[in-house]
Amino acid sequence: MNKKKQQLKTFTTQDVDGPLTTNQGLKMDEDNFSLKAGRRGSTLLEDFHLREKITHFDHERIPERVVHARGYGAHGTFTCTKEASKWTKAHFLNEVGRETPIFVRFSNVAGSKGSSDVVRDVRGFATKFYTEEGNFDLVGNNIPVFYIQDAIKFPDLIHAVKPEPHNEIPQAQSAHDTFWDFVSQHQESTHMLMWHLSDRAIPKNLRMMEGFGVHTFRLINAQNESFFVKFHLKPQLGVHSVTWDEAQKINGKDPDFHRRDLYEAIERGDFPVWDFGVQVIPEAAQFDFDFDVLDATKLWPEEQIPVEYLGELVLNENVDNVFAETEQVAFHPGHVVPGIDFSDDPLLQGRLFSYTDTQLSRLGGPNFHEIPINRPVCPFTNNQRDGMHRQTINPSVTSYYPNALANNQPAPVPEEQGGFHHFEQSLEGKKVRERADSFLDFYSQATMFYESLADYEQQHLKDALVFELGKCKNEQIRKNVINQMNHVHHDLAKYGAQKLGLPIPSKIETPNVKTYPSLSQATTPNGLNTKTVGVIVSPQASAEQLKWIRTLETKYPIVLSTISNRQGTFEHFDMPIDETFDTTHPVLFDSLLVINTFDAPTDQKTIGQFLNEAYDHAKPIASTVDFLTFPILFPIDSEGVYMLDTMDETPFIEGLTIGRFWKRGEGNE
Ligand code: HDE
């Protein structure tokens with residue numbers, strides 16, 4: 001058990017073994033009935049047990065996060081795999097094998113806490129490293145750039161994307177007028193918009209997303225040399241997405257699709273791992289690029305500035321209580337350790353104010369650092385006292401510095417002994433409310449991203465534009481967006497304009513850019529990687545068939561669920577039926593495997609529908625019985641469709657390794 005989990009254990013109570021008591025410790029003899037004058041009432045005000053129980057219940061909700069309200073978290077460990085002292089003196093990065101407990105919270109940005117998982121949105125990827133030198137929070141996203149360059153625009157952006165205030169519609173969607181109004185007025189949003197419309201915004205699950213620190217931070221080594229750095233987290237399972245059609249259906253079939261996947265993977269022991277990497281440039285090289293390193297709407301192409309890997313982040317334990325841990329965790333990009341510091345990125349600077357401020361209202365006062373999930377694992381000592389919900393009892397007479405009464409304790413620590421010393425950055429200039437000229441290139445990286453995508457990814461992006469903008473009712477805004485897209489790529493603008501019935505803008509000169517394979521998901525690691533197989537099998541299947549199914553899970557790193565026409569167990573082999581045609585749907589699986597026919601025509605019809613759906617989503621499908629037994633709508637000689645000789649799974653497993661067959665399905669043939 002890591003140090004953080006040990007610490008959390010000391011705050012954990014089971015609440016199941018003892019007698020039922022009030023919060024004052026009084027044992028109660030009854031918990032089903034309130035105290036009444038006579039069996040039919042009236043209820044007596046004197047009933048302290050009723051009052052306590054209801055009062056507590058009345059206050060069980062806290063404000064949800066103003067952004068990133070819907071989130072899910074897990075515990076894990078960061079292990080340093082390459083020491084980085086040439087760039088940073090951060091202790092947790094300075095010894096190979098050093099382990100640091102972590103807590104990660106993934107989130108959706110726009111939707112409220114009760115919204116669905118698989119919406120088109122940016123995902124938060126926030127990691128708290130409980131280091132020996134204090135907490136370091138890497139509060140990042142799954143997209144490497146941001147919509148705006150300056151923090152002062154953040155409230156406007158969020159007001160625009162959240163449900164519209166007059167009717168609170170739509171929930172967790174960017175497909176509405178105010179969002180498109182905002183982005184069409186901000187050329188700087190164009191690059192992020194490309195990512196938002198791409199498959200990145202509909203991840204397959206949380207385990208298969210990249211994480212990015214987004215801003216340029218600073219690393220400082222023991223010689224006080226400063227480097228600019230971008231932080232990266234690369235999932236070892238690769239970066240994978242669902243299609244938009246799947247996303248919309250998944251939200252109905254299983255609104256908790258992402259959190260369920262993470263929870264179950266960890267329970268199964270399929271611990272997700274990310275490589276933690278950095279792109280580093282010496283401070284002196286900051287002007288060597290055709291983008292400003294302080295501009296959060298720009299990424300640093302990995303082919304140009306390679307990512308160097310320093311460690312591995314593993315999530316290996318679910319929380320015990322979602323409210324206590326995932327809801328009460330309080331991240332802050334300003335939580336840094338010696339060796340990590342900030343840049344002048346104007347978006348980052350605003351964040352450094354916002355996060356503590358928001359916790360004050362969300363967690364109800366200045367002592368939220370004492371909530372178990374937020375406590376550092378190293379000692380913390382200072383002269384801060386009192387305030388709402390104070391947990392610590394501070395017996396010392398002095399709570400000020402310097403003092404004679406306690407010999408100046410607690411005392412500041414010199415830099416060479418580990419005290420944080422802000423990097424001594426030279427500053428000059430006039431106070432102005434202006435944007436730097438070097439922040440004015442709004443389109444090059446948008447075009448770079450679009451052109452780096454594979455054909456099928458570009459098609460997904462175009463379709464996303466048509467869906468999203470199609471939901472925007474204001475014609476002038478639609479036209480403005482099409483013109484904005486024309487600066488990225490004429491094909492994109494033309495496609496959108498045609499589908500939306502708008503004039504096609506004339507072709508204009510778009511930036512001449514390099515393309516980078518690292519920006520496309522087509523280049524990501526793939527493989528069996530815990531892919532899911534829905535096995536359609538009748539309750540009468542033979543023991544031999546069922547034993548074969550069972551061996552598949554032990555032979556390959558895949559996750560199987562049997563799907564049948566009723567629940568219970570199979571007739572000839574002691575194995576539970578996991579799902580039925582009523583409880584599940586092909587959008588919840590990566591592939592389908594049919595084992596035998598069913599007698600009832602309604603079952604055959606459902607199987608046909610399941611197969612057609614999986615086919616349309618470009619997924620591998622296989623059957624040991626003739627496909628034509630079912631009412632299918634696809635040619636059986638298509639790519640990724642496998643007629644299996646009885647119980648030889650080899651071709652299907654090869655198809656599953658490939659994953660998707662984009663040349664078919666979704667009308668792309
Ligand atoms: Fe946040 N952001 N943000 N943000 N952000 C919050 O803090 C804010 C930005 C990110 O799981 C809030 O505790 C401002 C960029 C994540 O608890 C709030 C600006 C990036 C999370 C806030 C930004 C992020 C938040 C709401 C522009 C990617 C969820 C609740 C200057 C690098 C953390 C809270 C969790 C949460 C403010 C922009 C990531 C209001 C003012 C860029 C992952 O403080």
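Numbering of ligands and ligand atoms starts at 1, following listing order.
- If you number the atoms of ligand 1 from 1 as listed, the ones under 4.0 Å from a heavy atom of Val214 come out as 28 (C), 32 (C).
- Contact analysis puts His215 in contact with ligand 1, with a non-hydrogen atom separation below 4.0 angstrom.
- No side-chain donor-acceptor contact under 3.5 Å links His232 and Glu210.
- Gln359 NE2, 2.7 Å is the protein heavy atom nearest to atom 13 (O) of ligand 1.
- No salt bridge links Glu246 with Lys204; every basic N to acidic carboxylate O contact stays at or beyond 4.0 Å.
- Each of Asn318, Asn374, Asp320, Ile371 was compared with Glu325 under the side chain to side chain contact (heavy atoms under 4.5 Å, CB included) criterion, and only Asp320 meets it.
- Donor-acceptor pairing under 3.5 Å is lacking for the side chains of His176 and Trp180.
- Protein heavy atom closest to atom 11 (O) of ligand 1, with residue, atom name and distance, is Arg105 NH1, 2.7 Å.
- Contacts between Leu347 and ligand 1, counted as non-hydrogen atom pairs separated by less than 4.0 Å, involve both the backbone and the side chain.
- Each of the atoms 40 (C) of ligand 1 lies under 4.0 Å from some heavy atom of Val66.
- Defined by atom type and a distance below 3.5 Å, a donor-acceptor pair is present between the side-chain atoms of Ser241 and Gln521.
- Checked by distance only, ligand 1 and Asn141 stay at 3.5 Å or farther apart across all their nitrogen or oxygen atoms.
- Between Glu188 and Lys153 there is no salt bridge, since no side-chain N of the basic residue sits under 4.0 Å from a carboxylate O of the acidic one.
- For atom 30 (C) of ligand 1, the closest heavy atom belonging to the protein is Arg65 CG, 3.5 Å.
- Residue, atom and distance of the protein heavy atom nearest to atom 33 (C) of ligand 1 are Phe331 CD1, 3.9 Å.
- Residue Gly213 places a heavy atom less than 4.0 Å from ligand 1.
- With respect to His75, the side chain to side chain contact (heavy atoms under 4.5 Å, CB included) criterion is satisfied by exactly one of Ile266, Ile373, Ile102: Ile373.
- Of all protein atoms, those of element N, O or S that lie under 2.8 Å from atom 1 (Fe) of ligand 1 number 1.
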Report all side-chain donor-acceptor pairs from residues 304-316 shorter than 3.5 Å, counting only partners two or more places apart or in another chain.
from, atom 1, to, atom 2, distance (Å)
Glu308, OE1, Lys82, NZ, 3.1
Glu312, OE2, Gln236, NE2, 3.2

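- For Glu64 and Arg70, the salt-bridge test fails: no basic side-chain N is under 4.0 Å from an acidic carboxylate O.
- Distances shorter than 4.0 angstrom occur between a heavy atom of Gly140 and an atom of ligand 1.
- The pair Lys298-Asp295 meets the salt-bridge criterion, with a side-chain N (NZ, NE, NH1 or NH2) lying under 4.0 Å from an Asp/Glu carboxylate O.
- Annotation for ligand 1: atoms under 4.0 Å from non-hydrogen atoms of Ala151 are 31 (C).
- Residues Thr297 and Gln445 have side chains that never bring a donor and an acceptor to within less than 3.5 angstrom of each other.
- When only non-hydrogen protein atoms are considered, atom 34 (C) of ligand 1 lies nearest to Thr358 CG2, 3.4 Å.
- Taking the six-membered ring where the residue is Trp, Tyr355 and His332 present tilted rings, their angle falling between 30° and 60°.
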